[in-house]
Amino acid sequence: MNKVITDGLELMPPSFSEGLDVWSSGDGTAGSDTYAGSATGAYVPADQDFGAALEVVKTSNVTQVRYMGETTILPGCYLQVTARVKCISGALPDVRIAGYAGAAGGGHLDGVTEVGPSVSITSYGDVVEVSAIIGTGQRNGVDMVWANASFGHIGLDLTGSNGGVVRIDDFEIIDITDAFLRDMLGIVDVRDYGALGDGVTDDSAAFEAADADAGGREVLITSGTYFLGDNVTFQNQVRFEGTVVMAEEHQLIFQKNFDYPTYVDAFGDEELAFKKAFQALLNFSDHESLDLGGRRIALTGPIDMQAAVSNRTTFETRRAIRNGQFEAVSGANWDDEVVTSQATYDVEDQLYLTNVTNIAAVQVGSLVEGNGVGREVYVNEVDVGSNKIKLSNPLFDAQGTQVYTFTRFKYMLDFSGFDKLSDLIIDQVDFDCDGDCSAILLPPVGVLMQVLDCRFKKPKNRGITSHGEGCQGLIIDRCNFESNESGVATQNRISLCFNSNKNDCKIRNNRSSRFRHFGVMSGTGSIVSGNHWFNGDNEDSGVRLGGLIIAHQNPITTVTGNYIDNNFIEWTNEHDSDPSVSGFSFGSLSITNNIFLCIDVQVSYRCIVVKPYGAGHYINGLNVQGNLFRSFGTDFERVEDVDTTYADLDFDRMQNITFAGNTFNGINHKTLNPLTGEHTQSSEEQTWTVETDGSLPFGGKALNISSVMLDGRIQNESNDTMFVTPYALAEQGANEDEFHLVWPEPVRGKVFYTVRMDDAV
């Protein structure tokens, strides 16, 4: 910036050759004495050093020379005043630039410095140059800060001993605002501190020096490629025109503008920028979250999140990744890797496969498939030295040696390399898998991972996978899962939204559409609420699969307020190495206030299915209340059933089962327990047979008759009123779902009754 050029501002005073009547021996204001015709000043037309010059005799303590014209002072404009002087005889004085600061309206601006630094003249005939900078801002190098000044009468002062004769060259006043421009704009350029930006020389020290000197100003990384051979931390704001390169282990930390867009500017590569930003997130404490700035990050392959933070294998402090989008770029990097290996399983060592052939090819995080392997069993650890694999869950029927298939899906964010990672939040992030890949693989161990307000678009295999205990306390809230298999028949789909292996999960207010399963949960103490999962298809009389798989026989879990759309809740013990009953059997599950809806399904469809994987199981604690069951297009028999593929339930041991307050539309049998009904006996019989008509849960036995109440008179063959009561015989009929009321003699009449298929204890 130069006002002489941009605004045509006149700064230079006239030469002494144009007359001394504009040169004051006072303060330069109108009416002050001039050197024209004075006894103390004279014009010298041809000095050998200066040419035209003013010769002044110093007669007072401060002899002043001031240009009487008004030199304009503008805000943000900085003027350098320079004069050359020499003493030709008499006492040698000191000299300094000086001036009169004028306020708007013409008065004097009080309280400002009006003299510059003083220079001594030490010998006769030597030319001494004196200068000072005048400006409105308090900046380093400004000698005379004239804030709010409008003009100045500029010149110099002679101080010290009197009697000297001094010649003064023409004054020079120039605009040097550009010297302060970076300071005015709050910018420090790393090149001013020795950075070369040649991509080879280590510029890390120059970066640190520029930041140390910035003092709140912005550090500018001008065009170039800067190699950083060490960690670099910026405490001030930083802006990149050039880019940096650095080793994987070195960290680049921005304490002022810690966000993903700044890392993209710094590295010029979206994937690398995200890795370095995540590295910084886990390596300094000034910021709890990484803001992706709403940016789309194109990924050409999985991101190994631990490798991005190579100095840490554990981290347990709250951190968040927020506000952005990951998009898969199609390519071979996303291809599943499949390995088949022979291995041995022993129920006494229920989480391990031993004697694994080709074990070096088996990857942590691989899905395990084979005879007797339940759904969503993954490789948790691989010990190549001992040919041993740790599993995420036990196998229900795999004793002995067989061939297993290990399929490693590829995930956008892969946390499997950490030993432990806790309290990480992924918030408002889109995962656009587009059928190429899966989204998130959780760490093997960790607590309170949270996925909030995220969108999972077309994951190829999985949305969120837990291959170990990293799902302890997992929270999935308000996420949307969109299937890549919308046009595929339900039974042919392979993808699901999430799985969990550990306890205390909260799955709330999510929506998913047309996956094989919404979730497979094998931990305990979880809450599933407010979700809508739709797993239907466009097939006539379509097959429906379990939407929510609860793979623990005693889950201590509540499923409430969900919209369960064209699928069912499946309750299993498929992750039990000894699936026959021992200790706790099926129990501690509450299914309340949900909407179960199906359209054009097979008549075999059920809404709640219990599937024991071993013999002897029963239910001890199931609460099904306040649900709405609705079928369109096809009426089906009942809402609950037992899948006897492996075993049936023991109906003699049922306890604490409640089916009450539910609404049924399009279902032939309305399930109740306790079942309250009425029986009318029209002919006299000593033994009345009371049928439950399939209304007891799971087609269970009439195990307990808890009450019988007479409705009106009980009469015998003579129409006499009988004041008698019956006793009840439970578990009657071929299916033991009837009971008998036995009277002292044949009678007729009507009773109300309450019967249970369980022991209410």
Side-chain angles (χ1 to χ4, degrees), residues 248 274-275 277-283 288-290 299 301-322 326 337 351 362-368 376-383 389-393 406-427 429 431 433 437-452 454 456 459 461-477 479 496-507 519-523 526 575:
E248 182 179 272
F274 175 72
K275 292 176 183 178
F278 182 71
Q279 178 190 49
L281 180 66
L282 269 58
N283 274 287
E288 55 80 40
S289 63
L290 170 61
L299 300 182
I303 294 183
D304 185 334
M305 300 296 283
Q306 191 280 323
V309 194
S310 57
N311 64 319
R312 294 183 181 273
T313 57
T314 63
F315 193 82
E316 297 188 77
T317 302
R318 182 181 181 274
R319 289 290 185 267
I321 300 171
R322 292 192 168 97
F326 295 100
E337 296 185 41
L351 283 178
V362 178
Q363 299 181 53
V364 169
S366 296
L367 178 71
V368 184
E376 298 304 286
V377 176
Y378 290 90
V379 174
N380 181 251
E381 296 176 7
V382 176
D383 186 343
I389 285 175
K390 183 179 180 181
L391 304 171
S392 61
N393 282 294
F406 302 93
T407 304
R408 185 53 157 87
F409 307 136
K410 299 300 178 63
Y411 297 83
M412 287 182 162
L413 303 186
D414 187 335
F415 295 94
S416 63
F418 284 95
D419 293 336
K420 186 175 185 181
L421 179 65
S422 296
D423 214 1
L424 178 68
I425 299 170
I426 301 176
D427 180 20
V429 175
F431 295 88
C433 302
C437 61
S438 299
I440 300 173
L441 179 58
L442 297 175
V445 179
V447 178
L448 205 63
M449 300 287 286
Q450 300 183 53
V451 184
L452 314 175
C454 292
F456 296 83
N461 302 107
R462 302 293 185 267
I464 303 170
T465 294
S466 174
H467 70 295
E469 300 179 4
C471 54
Q472 177 78 41
L474 173 67
I475 296 175
I476 306 175
D477 271 3
C479 294
L496 58 87
C497 299
F498 75 95
N499 79 291
S500 62
N501 307 311
K502 296 300 291 182
N503 307 334
D504 309 328
C505 298
K506 310 295 184 296
I507 313 300
V520 177
M521 305 181 69
S522 53
S526 296
H575 294 158

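Because the structure is predicted, anything quoted here is derived from the model rather than measured.
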> Would you say the side-chain atoms of Ser366 pair up with the backbone N or O of Phe406, donor to acceptor, closer than 3.5 Å?
Replying inline: no
> So which heavy atom on Ser466 is nearest to which on Ser500, and how close?
Replying inline: CB-CA, 4.5 Å
> Got Val445 and Asp419 here, is their nearest side-chain heavy-atom distance under 4.5 Å?
Replying inline: no
> Given side chains that start at C-beta, do those of Cys479 and Phe456 come closer than 4.5 Å, heavy atoms only?
Replying inline: yes
> When you look at Asn499 and Tyr378, which way does the side-chain contact (heavy atoms from CB on, under 4.5 Å) test go after all the steps?
Replying inline: CA-CA 11 Å; Asn499 79 291; Tyr378 290 90; 4.1 Å; yes
> Going from CD1 on Ile389 to CG on Leu351, what distance comes out if it is rounded to the nearest 0.5 angstrom?
Replying inline: 13.0 Å
> Can you name the nearest heavy-atom pair linking Leu413 to Met305, along with the distance?
Replying inline: CD2-SD, 3.9 Å
> Rounded to the nearest 0.5 Å, how far apart are CG of Asp304 and CZ of Phe415?
Replying inline: 10.5 Å
> Passes side-chain contact (heavy atoms from CB on, under 4.5 Å), Asp414 versus Met412? Steps please.
Replying inline: CA-CA 6 Å; Asp414 187 335; Met412 287 182 162; over 6 Å; no
>> Looking at every non-hydrogen atom in both residues, tell me the closest pair between His467 and Pro443 and how far apart they are.
In response: CE1-C, 3.8 Å
> Side chains of Leu474 and Leu442: closer than 4.5 Å at any heavy-atom pair?
Replying inline: yes
> Of the non-hydrogen atoms in Ala320 and Leu424, which two are nearest, and what is the gap between them?
Replying inline: N-CD1, 4.4 Å
> Can you name the nearest heavy-atom pair linking Ile321 to Leu281, along with the distance?
Replying inline: CG1-CD2, 4.3 Å
> Within a strict 4.5 Å, meaning less than it, do heavy atoms of the Glu381 and Pro444 side chains meet?
Replying inline: no
>> Check Lys410 with Glu337, please: is the shortest side-chain N to carboxylate O separation under 4.0 Å?
In response: yes
>> Strictly below 4.0 Å, N to O, side chains only: are Glu248 and Lys275 in salt-bridge contact?
In response: no
>> Working to the nearest 0.5 angstrom, can you tell me the gap between Leu299 CG and Tyr411 OH?
In response: 15.5 Å
> Would you say Asp423's side chain and Glu316's backbone share a donor-acceptor pair under 3.5 angstrom?
Replying inline: no
> About how many Å separate CD1 of Ile464 and CG of Leu496, when rounded to the nearest 0.5 Å?
Replying inline: 10.5 Å
> Is there a donor-acceptor contact under 3.5 Å from the side chain of Arg408 to the main chain of Val364?
Replying inline: yes
> Can you name the nearest heavy-atom pair linking His575 to Ser522, along with the distance?
Replying inline: ND1-CB, 3.2 Å
>> Angle between ring planes, Phe274 versus Phe326, binned at 30° and 60°: parallel, tilted or perpendicular?
In response: perpendicular
>> For the residue pair Asn501 / Glu469, report whether a side-chain donor-acceptor contact shorter than 3.5 Å exists.
In response: no
>> Test your reading of the model: is there a side-chain donor-acceptor pair from Gln306 to the backbone of Arg312, 3.5 Å cut-off?
In response: yes
> Could you state the interatomic distance from CD (Gln472) to OG (Ser422), rounded to the nearest 0.5 Å?
Replying inline: 9.5 Å
>> Test your reading of the model: is there a side-chain donor-acceptor pair from Lys420 to the backbone of Phe418, 3.5 Å cut-off?
In response: no
> About how many Å separate CD1 of Ile440 and CD1 of Ile476, when rounded to the nearest 0.5 Å?
Replying inline: 8.5 Å
> Quick one: are Ile425 and Arg318 in side-chain contact, heavy atoms under 4.5 Å?
Replying inline: yes
